[in-house]
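Taking it in order: structure first as structure tokens, then the write-up.
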Protein chains: 2
Amino acid sequence: MNMNNGVNTSDAPKDFHSLRERILERRDLFPKRLSQVAAFALDNPDEMAFGTAASIAARAHVQPSTLVRFAQSIGYAGFSDLQAVFRERLRERPSTYDERLQALRSDAHRDSSAAILGGVIAAAQYSVESASTAISSQAFEKAVKALAAAETIFLVAQRRSFPIASYLAYTFGKLKVRNQLVSSPFGIESEQMAFATPRDAAIAISFSPYAAPSMEHARVLSQAGVPVVSITDSAFSPLVPLSKHWFEIAEADFAGFRSLSASIAFALALAIAVGEERARTK
Amino acid sequence: MNMNNGVNTSDAPKDFHSLRERILERRDLFPKRLSQVAAFALDNPDEMAFGTAASIAARAHVQPSTLVRFAQSIGYAGFSDLQAVFRERLRERPSTYDERLQALRSDAHRDSSAAILGGVIAAAQYSVESASTAISSQAFEKAVKALAAAETIFLVAQRRSFPIASYLAYTFGKLKVRNQLVSSPFGIESEQMAFATPRDAAIAISFSPYAAPSMEHARVLSQAGVPVVSITDSAFSPLVPLSKHWFEIAEADFAGFRSLSASIAFALALAIAVGEERARTK
DNA sequence: TAATAATTGGAATTTTTATTCCATTTCCGC
DNA sequence: GCGGAAATGGAATAAAAATTCCAATTATTA
């Protein structure tokens with residue numbers, strides 16, 4: 001590949017995303033060593049940002065001059081300009097959710113679908129990050145012990161929370177933890193719950209606006225002496241007074257839509273931990 | 001302040017956190033220009049990481065040599081060593097998933113439930129972050145347009161992917177987008193799909209190991225001329241050849257369990273974008 | 001207020017780092 | 001397998017950056 005292979009300096013990508021796409025679309029046009037650099041660059045963007053030409057070259061098993069050629073083949077004047085893009089990427093990473101949404105709004109792709117994708121993903125990232133700090137390990141451990149001791153775990157959820165319950169049902173199933181999804185197309189939920197005893201346990205999931213049937217199911221189980229572990233979005237949730245253990249998961253919203261990313265991660269952790277606890281104590 | 005004011009090179013802080021504390025506890029001992037540098041450094045850590053001695057000095061209104069003196073007064077050999085700490089900070093920020101798991105394993109809470117929670121959440125964070133860079137905006141826009149043009153959107157998913165489909169069904173419902181979850185306790189999936197025409201569309205979701213019924217449903221729809229949008233985990237997924245549009249979502253795993261956090265965020269974005277596109281074009 | 005020590009500015013120097021250039025190798029069409 | 005073009009390695013060179021050093025300034029103390 002010639003240094004001036006239809007590429008002039010003016011069209012060098014200015015931001016990381018377009019650089020990435022540029023590299024990907026030329027993936028097969030690069031000669032051997034340049035492909036090597038391309039792969040290394042996309043796999044180790046941090047290294048590209050911080051390393052020196054020599055250190056990066058060594059780690060990518062090429063010569064420093066190859067890095068310069070690579071940069072030039074994309075349209076940059078030299079390696080330094082290429083590296084600047086990788087540095088910008090780290091610099092621009094806006095820390096807070098608000099800043100990121102702000103950035104999306106001011107962007108060129110105003111009301112494009114891409115903006116929605118970016119916004120929802122930013123909200124999800126923010127939610128998961130919040131969850132990582134908000135949940136108390138002690139509370140989690142206690143809830144896990146309670147659930148691990150149960151004979152059958154009843155799963156209560158409707159509407160928006162239902163995907164989480166179905167995911168729990170699937171995961172518990174794989175872990176051989178007996179469970180019962182309290183939900184049926186036949187309206188036999190009451191009959192399903194009639195088998196519950198205080199030696200069982202329940203996981204109830206509900207977010208505002210709290211679905212009436214979920215509340216009703218949680219109340220029935222709670223009154224039957226079944227310990228209830230709740231996943232909800234506020235300390236004032238009507239689930240809280242019915243619960244022995246409860247967790248608040250605050251999902252960020254985008255344009256009024258709340259993601260489930262943090263809740264579903266939490267649910268998975270809960271299921272795995274219960275499975276582990278069973279394996280350990282049995 | 002003397003260059004060797006009770007400070008020797010060996011006790012220079014190795015990580016950003018202790019550097020920060022060191023600077024704060026000496027806040028009042030620094031002479032004028034060095035205080036200036038201290039304040040600038042803590043206020044602009046990114047600048048400290050990326051800038052050159054000259055550029056940082058200019059922005060902090062001091063001489064480059066002052067930066068070197070500042071670094072030495074804290075115990076570093078020179079400015080470069082100080083800067084290395086600021087760079088490490090950025091490098092470690094979204095510390096890679098592997099490192100984080102490593103940290104969890106070596107932690108005090110070995111095989112406690114809290115470690116599982118931390119690990120799963122780390123995996124979720126990593127997955128969502130990957131998704132934010134991996135998905136092409138153009139592909140997303142195209143898929144949205146295709147789905148927005150459909151009369152009915154068929155949703156195909158089984159087992160682990162089912163929660164995503166049920167979430168899509170719920171969200172599309174709220175957005176008044178007609179949809180049909182191809183799944184039934186009565187085994188009438190074929191009959192459900194019999195109504196599909198090329199003016200409809202489908203979303204198929206399947207991750208390795210690809211559930212046979214999902215593949216079969218996707219095949220039937222595809223052969224009926226229904227445009228299929230797939231969400232899967234590899235370019236080699238059997239869904240890909242059946243799809244008009246496809247997206248690869250790489251979920252990180254923890255102890256062999258894959259989260260759904262990124263997929264569910266993507267699904268939500270897709271649903272909202274389709275709703276928006278409809279609102280715009282109708 | 002004079003003497004001394006600490007601090008600072010800025011140019012000179014050294015070190016590090018990127019880039020260029022050219023000889024050698026590899027690839028490709030014939 | 002031959003000839004030319006493209007690609008590569010690596011040393012030589014240029015550029016950039018950090019560091020040092022010393023004179024000038026500013027604080028400190030008697």
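Every value quoted in this text rests on a predicted model; they were computed, and no experiment measured them. First the proteins, then the strands, lettered A, B, ... as listed; each starts at 1.
Side chains of A:Ser113 and B:Glu276: no donor on one and acceptor on the other come within 3.5 Å. In summary, the side chains of B:Thr232 and B:Ser230 do not present any donor paired with an acceptor at a separation below 3.5 Å, with no hydrogens or angles considered.
Between the C1' atom of D:dT20 and the CG atom of B:Leu67 lies a distance of 15 Å, rounded to the nearest Å. Atom pair A:Leu29:CG and D:dA6:C1' shows a separation of 14 Å (rounding to whole Å applied). One interatomic measurement links the two molecules: CZ of A:Phe30 to P of D:dA6, which rounds to 17 Å at whole-angstrom precision. Separating the CZ atom of A:Phe70 from the P atom of D:dG9 is a distance of 15 Å, rounded to the nearest angstrom.
Two rings, from A:Phe79 and A:Phe70, have their centers 6.0 Å or more apart. Taking the six-membered ring wherever Trp is involved, the centroid distance between the rings of A:Phe266 and A:Phe140 falls below 6.0 Å.
Side-chain N or O atoms of A:Arg89 include none that pairs as donor or acceptor with a backbone N or O of A:Phe16 at under 3.5 Å. With hydrogens and angles ignored, the 3.5 Å screen pairs no side-chain donor or acceptor of B:Ser208 with any backbone N or O of B:Tyr210.
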request  = Indicate for each nucleotide in nucleotides 24-29 of chain D, in 5' to 3' sequence, whether protein heavy atoms under 4.0 Å reach the base (B), only the sugar-phosphate (S), or nothing (-).
outcome  = ------
Heavy-atom protein contacts under 4.0 Å, nucleotides 9-20 of chain C, coded B base, S sugar-phosphate only, - none = BB------SSBB
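Looking only at side-chain heavy atoms (C-beta outward), B:Leu147 and B:Leu270 come within less than 4.5 Å of each other.
Between atom CD of residue B:Glu248 and atom CZ of residue B:Phe207 there is a gap of 10.5 Å, rounded to the nearest 0.5 Å.
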